[in-house]
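The structure appears right after this line, and notes come after that.
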Amino acid sequence: MRLGSRTFDLTRRIAVMGIVNRTPDSFYDGGATFDLGAALDLADRHVDAGADILDVGGVKAGPGPAVDVEEELDRVVPFIEGFRRRSTVPLSVDTFRPAVARAALAAGADLINDVSGMSEPEIADAVAAHPGTALVLTHHGGPPRSRPFRPDYQPDVVVAVRGRCAALADAAAARGVAREQLIVDPGHDMYKTTAQSLEVTRRISEIAELGYPVMVALSNKDFIGEALGLPLDQRTPASLALATLTVLSGARIVRVHDVAATSQALRMIEVVLGWRPPSTLLRGLD
């Protein structure tokens, strides 16, 4: 997969995507990086810690105060411009709005991460107009920025997720996005109960069988808290465990808050699998 000036061989590398929230009401940091300078500083730290891709969002994924297009642009575009002056690391923008996607790609973004599952199909047109950029297709299951109420998937959640992701890929390709530039995300916590998110996690390999790179956005999510009875600030070890489990089952992009810990864990997996050489091999030889 090509993103900007970089090419990823996702058959032999796991891409770590570091999260930057330009929102005042982020579930994770409560607005700690809403300020542009703070957001850019975090981006630098993510890159130094080993992030392969950065993902910036200007609207909270869950319910919250309305944010119009102009406000979202004011949060996202200056970040893209500022980051582009200091780094060529591929940059993703988390948005479901075609107008924001168009402006983001024009400003230098490489990837659109649409967590709504193409609730506005024209978002694929924006990506298609910029060859070499990519689109994340997420299974959401409901309206953008909404929470589930007893969602029921037939015949089961994984079959429904797989079918919807395949349909989204077909729809994006029909609008001109190259299939090799498509990524699918099963949408943990996105209009799913904790039991459903756990089932998706167990069966990630069935999503990977579609043939598109699978991205997982598991980091610190509610289903982890409910599974283990953990508050938000104690979910990092469980998030690392899930990153490892899903990668071994076929995921190839992992969207995270703690880039340093995740990068170390996933690079170790690459070494064990023979995808990258050990840094040194001196033990027992000197």
Side-chain angles (χ1 to χ4, degrees), residues 14-23 25-34 38-39 42-43 45-62 64 89-95 111 113-116 136 138-140 145 147 161 183-194 196-202 204 207 213-269:
I14 304 152
V16 177
M17 177 186 281
I19 300 168
V20 180
N21 293 309
R22 283 227 65 206
T23 58
D25 53 352
S26 162
F27 93 94
Y28 179 71
D29 61 29
T33 54
F34 183 49
L42 177 61
R45 294 196 299 274
H46 280 340
V47 171
D48 291 342
D52 299 293
I53 307 167
L54 290 182
D55 185 58
V56 62
V59 178
K60 179 182 178 180
V89 167
L91 188 56
S92 165
V93 173
D94 178 343
T95 186
L111 172 66
N113 177 19
D114 178 10
V115 300
S116 78
V136 178
T138 303
H139 179 275
H140 189 283
R145 307 195 69 198
R147 294 202 183 279
V161 167
I183 298 162
V184 297
D185 178 349
H188 289 84
D189 267 5
M190 294 292 183
Y191 230 75
K192 296 174 185 69
T193 65
T194 289
Q196 289 165 345
S197 288
L198 291 170
E199 182 70 6
V200 168
T201 306
R202 282 190 289 271
I204 284 291
I207 312 300
V214 175
M215 185 175 90
V216 288
L218 307 153
S219 183
N220 295 298
K221 284 200 165 176
D222 288 348
F223 82 99
I224 297 174
E226 289 196 356
L228 298 180
L230 293 174
L232 181 60
D233 62 354
Q234 295 179 27
R235 298 176 189 172
T236 296
S239 297
L240 290 172
L242 290 178
T244 301
L245 176 66
T246 53
V247 161
L248 292 175
S249 297
R252 287 295 174 266
I253 304 171
V254 183
R255 182 179 181 272
V256 299
H257 299 96
D258 190 334
V259 170
T262 306
S263 181
Q264 185 179 114
L266 299 186
R267 299 300 165 242
M268 189 68 219
I269 290 175

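For this chain, numbers begin at 1 and follow the sequence in order.
- In this structure, Leu91 and Val89 have side chains that are not in contact, with every pair of non-hydrogen atoms separated by 4.5 Å or more.
- Across all their heavy atoms, Leu54 and Met17 have their closest contact at C-CG, 4.4 Å.
- Judged purely by atom type and a 3.5 angstrom limit, Lys192 uses its side chain to pair as donor or acceptor with the backbone of Gly187.
- Val56 approaches Arg22 most closely through the heavy-atom pair CG2-CG, 4.0 Å.
- Remark: Asp52 does not engage Arg252 in a salt bridge, criterion side-chain N to carboxylate O under 4.0 Å.
- Classified by interplanar angle (parallel below 30°, tilted 30° to 60°, perpendicular above 60°), the ring pair Tyr28/His257 is parallel.
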- With side chain to side chain contact (heavy atoms under 4.5 Å, CB included) as the test, would you mind laying out the steps for Arg255 and Asp185 before giving the verdict? CA-CA 10 Å; Arg255 182 179 181 272; Asp185 178 349; 5.9 Å; no
- Task: Report the C-alpha distance between Asn113 and Met215 in whole Å, list the side-chain angles of each, state the deciding distance to 0.1 Å, and finish with yes or no for side chain to side chain contact (heavy atoms under 4.5 Å, CB included).
- Result: CA-CA 10 Å; Asn113 177 19; Met215 185 175 90; 3.7 Å; yes
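- Side-chain contact between Leu242 and Phe223: present, with at least one pair of heavy atoms (C-beta onward) separated by less than 4.5 Å.
- Annotation for Asn220 and Ile224: closest pair N-CD1, 3.9 Å, computed over non-hydrogen atoms.
- One distance of note links CG of Leu111 with CD1 of Ile253; it measures 7.0 Å at 0.5 Å rounding.
- A pairwise comparison of heavy atoms in Val115 and His140 identifies O-CD2, 3.3 Å as the closest pair.
- Note that the CG atom of Leu266 and the CD1 atom of Ile14 stand 5.0 Å from one another [nearest 0.5 Å].
- Residues Gly50 and Arg267 approach most closely at O-NH2, 4.1 Å, considering heavy atoms.
- Asp94 CG to Asn21 CG: the interatomic distance, rounded to the nearest 0.5 Å, is 8.5 Å.
- The salt bridge (charged side-chain N to carboxylate O under 4.0 Å, His left out) check on Glu199 picks up Arg202, Arg203, with sequence neighbours excluded.
- To the nearest 0.5 Å, atom CG of residue Leu240 and atom CG of residue Asp258 are 6.5 Å apart.
- By the 4.5 Å heavy-atom criterion applied to side chains, Pro186 and Val214 are counted as neighbours.
- Side chains of Asp114 and Thr138 form no contact here, defined as non-hydrogen atoms less than 4.5 Å apart.
- Going from atom NE2 of His46 over to atom CG of Asp48 covers 11.0 Å, rounded to the nearest 0.5 Å.
- Between Asp55 and Val136 the shortest side-chain heavy-atom distance does not fall below 4.5 Å.
- The nearest pair of heavy atoms linking Val259 to Gly18 is CG2-CA, 3.6 Å.
- Within the structure, the side chain to side chain donor-acceptor pair (under 3.5 Å) test picks out the following pairs touching residues 221-246 (sequence neighbours left out): Thr194-Glu226.
- Interatomic distance, Ile269 CD1 to Gln264 CD, rounded to the nearest 0.5 Å: 11.5 Å.
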